[in-house]
Every structure is written in C-alpha cells, then in structure tokens.
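As structure tokens, the structure follows; a few thoughts come after it.
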Amino acid sequence: MKKILFIQTGFGVDVHGQDITKAAIRAVRNAIFTNSMPGIEDLLPNKDLNNMVVNVKLALPIDAELLDAEAIRAIIPYGIVTVETMPGGMLTTSGIFLADKADKNDLMYIVNASVETGY
C-alpha cells in the first residue's frame, strides 16, 4: 500500500462453537460497520473505489489454518483486499459447555482486527 488513509480497529468473539472465522468476521464488522468515509473517492487514484486497497490484519489466538479468508474478504465491498493473520487475540472460558451450540469445549475465541484502508 502506497498511502494509508484510515485505520479502523475492532474485536470479535465466538462464545460457543469455537469458530475462528465467526470471531474474525465479527472483529472486522466491529472495525468497519460504525464508520463512514465520505470523500474517500476524492483521495483514491482516478476517484475509483475499485482502486482502494484494504489490508485486514487479524490477531488469532488459535486455529489460524481454519480461517476462511474469502469470508473475510466478502465483508469488504470495494477494492483489493488482503488478509493477514498473526498470533494474538485471546482464549478464555465461556464458563459453560453447550453441546447444542456445537461447543467442542468451554472456550470462547476472541479476535482483534485492524483494517487499513488506502491505495
């Protein structure tokens, strides 16, 4: 990315089911869904949203190999999207095992996200 214009951060949790993609999607949504970037087109090459570059960085506590990067990319409506993972986030107990919620154990997965937008 030549120029970063915005950085948004968020976190997401999967309390039951131990699904790293679900937690990551929630983290990215938390980062971007309460923001508006009016005027961004004026800052992009050729004033084209398709020229936007979005780098999604995810700190995952476990199961990085199970992350569905395409599901993460699908959240971002415009531009060229990359997904990078790194160790981080948190595992902690949910305090209860619920078989009917597809729990494998009593852990909840907490993911941190940083979404860099630019060109």
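This is a predicted model, so every value here is computed, not measured.
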Donor-acceptor contact present, side-chain Asp14 to main-chain Ala23, <3.5 Å: no

Qualifying residue, where the test is side chain to side chain contact (heavy atoms under 4.5 Å, CB included) with Gln18 and the options are Asp106, Asn105, Leu91: Asn105

Hydrophobic clusters here meaning ILVMFWY residues chained together by side-chain heavy-atom distances under 4.5 Å, can you tell me if Val111 and Phe33 are in one? yes

Quick check: closest heavy atoms across Leu5 and Ile40, and the distance to 0.1 Å? CD1-CG1, 4.3 Å

State, with a plain yes or no, whether a side-chain heavy atom of Ile76 is found less than 4.5 Å away from one of Ile32. yes

Smallest separation among heavy atoms of Ser94 and Val15, with atom names: CB-O, 3.8 Å

If Ile, Leu, Val, Met, Phe, Trp and Tyr residues are connected whenever their side-chain heavy atoms lie under 4.5 Å apart, and connections chain through other members, are Phe11 and Ile75 in the same group? no

Indicate, with yes or no, if Tyr78 and Val28 share a hydrophobic cluster defined by side-chain heavy-atom contacts under 4.5 Å among Ile, Leu, Val, Met, Phe, Trp and Tyr. yes

Correct closest heavy-atom pair for Ser114 and Ile7 would be OG-CG2, 3.6 Å

Side chains of Asp63 and Tyr109, heavy atoms from C-beta outward: is any pair under 4.5 Å? yes

Answer with yes or no whether the hydrophobic clustering places Phe6 together with Leu49; edges join I, L, V, M, F, W, Y residues whose side-chain heavy atoms lie under 4.5 Å apart. yes

Is there a side-chain contact between Ile110 and Pro61 (heavy atoms, below 4.5 Å)? no

Looking at side-chain heavy atoms only, is the closest gap between Ile80 and Val54 below 4.5 Å? no

Can you see which heavy atom on Val13 is nearest to which on Arg26, and at what distance? O-NH1, 2.7 Å

Over all atoms of both residues, closest heavy-atom pair of Gly10 and Ala31: N-CB, 3.7 Å

Exam field: side chain Thr85 to backbone Ala64, donor-acceptor pair closer than 3.5 Å: no

Other residues, nucleotides and ligands only: do more than 12 of their heavy atoms fall within 6.0 Å of NZ on Lys101? no

Asn46 atom CG, over 12 foreign heavy atoms within 6.0 Å: no

Under a 4.5 Å cut-off applied to non-hydrogen side-chain atoms, are His16 and Ile96 in contact? yes

Contact between Thr117 and Met52 at the side-chain level, heavy atoms closer than 4.5 Å - yes or no? yes

Closer than 3.5 angstrom, by distance alone: can the side chain of Asp68 be matched with the main-chain N or O of Thr21 as a donor-acceptor pair? no

Is there a path of hydrophobic side-chain contacts, each under 4.5 Å between heavy atoms of I/L/V/M/F/W/Y residues, joining Ile4 to Met86? no

Test log, rule side-chain contact (heavy atoms from CB on, under 4.5 Å), inputs Glu84 and Leu58: CA-CA 6 Å; Glu84 176 185 346; Leu58 299 167; over 6 Å; no

Report the distance from atom CG of Asn35 to atom CG of Asn30, rounding to the nearest 0.5 Å. 9.5 Å

Closest approach of Leu67 to Ala24 (non-hydrogen atoms, all atoms of both residues): CD1-CB, 3.7 Å

Is there a side-chain contact between Phe97 and Asp103, using heavy atoms and a 4.5 Å cut-off? yes

